[in-house]
Amino acid sequence: MRHPGEIAVQARAGVRTPGAFGSSRTRPEIPEVAAAFLRAQHLLVAGAADDLGQVWADVLTGPPGFADADDDRTITVRALPAAPLRGLFTAERDIGLLAIEPHTRRRMRVNGTAVQAGGGLVIWTEQVYANCPKYIQAREPTAAPGVPEVVGGGTRLAPDHVGWIERADTFFIATRAAGLGADVSHRGGNPGFVRVTGPGSLEFPDYVGNSMYMTLGNLELDPAAGLLFVDWDAGRTLHLTGRAEVDWTAEQRSVRFELTAYTEVDGTVGAGWTPPEHHRFNPPVTR
């Protein structure tokens with residue numbers, strides 16, 4: 001199915017043949033090379049909308065093999081979201097999944113539907129595809145994850161959150177569009193590429209990518225978005241939900257995000273990763 005949001009964004013961005021590539025060009029089957037990559041991972045990022053239509057991004061972790069392809073259209077993940085997606089998959093719903101291996105800068109995206117089965121998720125794939133290594137900062141974990149624990153929440157960022165976000169070199173963004181599914185994607189740049197503009201707002205550049213515009217295409221149809229920031233040193237995560245809008249007027253296209261609510265969770269990833277090796281294509285940060 002051709003995605004009208006992607007086609008509109010591609011046309012606005014000056015893509016020569018809008019709709020010639022994008023989510024409609026992906027395949028639902030899981031190639032064996034993708035299945036092998038998935039089995040080697042210990043960190044996945046998931047994105048979905050809750051019953052109120054708020055979109056969140058979350059983390060799933062486990063030892064290599066905790067995620068595996070049962071066949072060419074089915075993935076089993078032997079873990080459940082801790083927060084804020086906890087309990088949402090008791091009924092089948094759209095999910096975006098990102099398997100990312102920072103130290104090799106490899107990543108694959110899976111979009112489909114998921115339902116809880118025992119202590120894990122069963123995911124039926126609709127879109128499976130790889131992304132280029134651009135803007136991924138190379139780092140490796142030095143410790144196992146702890147036990148996830150929600151430690152805070154609210155509707156306005158605290159000073160600690162502002163510093164955390166403005167030091168970030170990586171975050172993840174989840175989006176969705178009715179009838180077209182959910183998606184979660186990686187965003188990276190040099191520290192400072194995300195700018196907090198108020199207690200409930202932030203802005204980040206939309207760097208040149210593969211011109212599929214799957215994130216911006218969803219936002220064209222539904223501004224709901226979820227952002228996930230990882231504190232790689234402390235092993236904690238900051239989950240934001242709100243609304244995002246693309247600013248096409250500046251020389252560097254950017255996305256403005258308005259916060260509705262946040263959740264902070266400790267123990268979601270290992271506390272302590274190797275120092276990042278920033279990608280050589282990261283653009284310089286300008287203010």
Side-chain angles (χ1 to χ4, degrees), residues 41-63 66-67 77-91 93-98 100 114-121 123 141-168 170-176 182 184 186-187 194 196 198-202 224-244 257-273:
Q41 302 314 305
H42 55 79
L43 186 151
L44 305 175
V45 182
D50 64 19
D51 293 337
L52 299 176
Q54 298 180 129
V55 176
W56 298 89
D58 212 339
V59 175
L60 299 164
T61 61
F66 90 108
V77 179
R78 297 172 183 85
L80 290 171
L85 298 182
R86 183 195 299 273
L88 286 185
F89 293 98
T90 53
R93 71 177 63 218
D94 293 336
I95 190 172
L97 199 69
L98 172 69
I100 186 165
V115 70
Q116 182 173 334
L121 295 176
I123 299 165
T142 59
V147 177
E149 177 186 4
V150 176
V151 295
T155 59
R156 288 293 180 265
L157 298 172
D160 174 54
H161 300 143
V162 174
W164 178 350
I165 291 169
E166 294 202 325
R167 291 190 299 270
T170 299
F171 73 93
F172 304 93
I173 179 168
T175 57
R176 52 92 69 177
V184 66
H186 162 277
R187 291 291 186 270
V194 184
V196 177
S201 60
L202 55 85
L227 309 186
L228 169 66
F229 290 87
V230 180
D231 183 334
W232 305 99
D233 294 324
R236 57 181 181 155
T237 47
L238 182 64
H239 311 253
L240 313 179
T241 191
R243 299 169 67 84
F257 178 83
E258 294 294 330
L259 178 70
T260 300
Y262 77 83
T263 299
E264 182 181 343
V265 186
D266 276 350
T268 40
V269 301
W273 291 58

How many angstroms lie between [atom1] in [X] and [atom2] in [Y], if you round to the nearest 0.5 Å?
X: Ile100; Y: Thr170; atom1: CD1; atom2: OG1; answer: 7.0 Å
X: Arg156; Y: His161; atom1: CZ; atom2: NE2; answer: 13.5 Å
X: Leu228; Y: Thr268; atom1: CG; atom2: OG1; answer: 7.5 Å
X: Leu259; Y: Leu157; atom1: CG; atom2: CG; answer: 5.5 Å
X: Phe257; Y: Leu227; atom1: CZ; atom2: CG; answer: 4.0 Å

Over all atoms of both residues, closest heavy-atom pair of [X] and [Y]:
X: Ile123; Y: Ala114; result: CG1-CB, 3.7 Å
X: Thr61; Y: Pro145; result: OG1-CG, 3.7 Å
X: Ala57; Y: Ala174; result: CB-CB, 4.1 Å
X: Gly53; Y: Ala224; result: O-CB, 3.7 Å
X: Val45; Y: Leu43; result: CG2-CD2, 4.1 Å
X: Ala46; Y: Leu60; result: CB-CD1, 4.3 Å

Tell me, please, which residues at least two apart from Asp231 pass salt bridge (charged side-chain N to carboxylate O under 4.0 Å, His left out). Arg236

Can you sort out the partners of Asp51 under salt bridge (charged side-chain N to carboxylate O under 4.0 Å, His left out), two or more places apart, ordered by chain and number? Arg93

Just by distance, do the side chain of [X] and the backbone of [Y] share a donor-acceptor pair under 3.5 Å?
X: Gln41; Y: Ala67; value: no
X: Thr241; Y: Val55; value: yes
X: Asp58; Y: Leu85; value: yes
X: Glu166; Y: Ala168; value: no

Within a strict 4.5 Å, meaning less than it, do heavy atoms of the [X] and [Y] side chains meet?
X: Val77; Y: Phe66; value: yes
X: Thr263; Y: Trp56; value: yes
X: Val59; Y: Val265; value: no
X: Phe171; Y: Ile165; value: no

Show, in sequence, the C-alpha distance, side-chain angles and deciding distance for Leu80 and Phe89, and conclude whether the side chain to side chain contact (heavy atoms under 4.5 Å, CB included) test is met. CA-CA 9 Å; Leu80 290 171; Phe89 293 98; 6.0 Å; no

Give me the ring orientation class for His42 and Trp273: parallel if the planes are under 30° apart, tilted from 30 to 60°, perpendicular past 60°. tilted

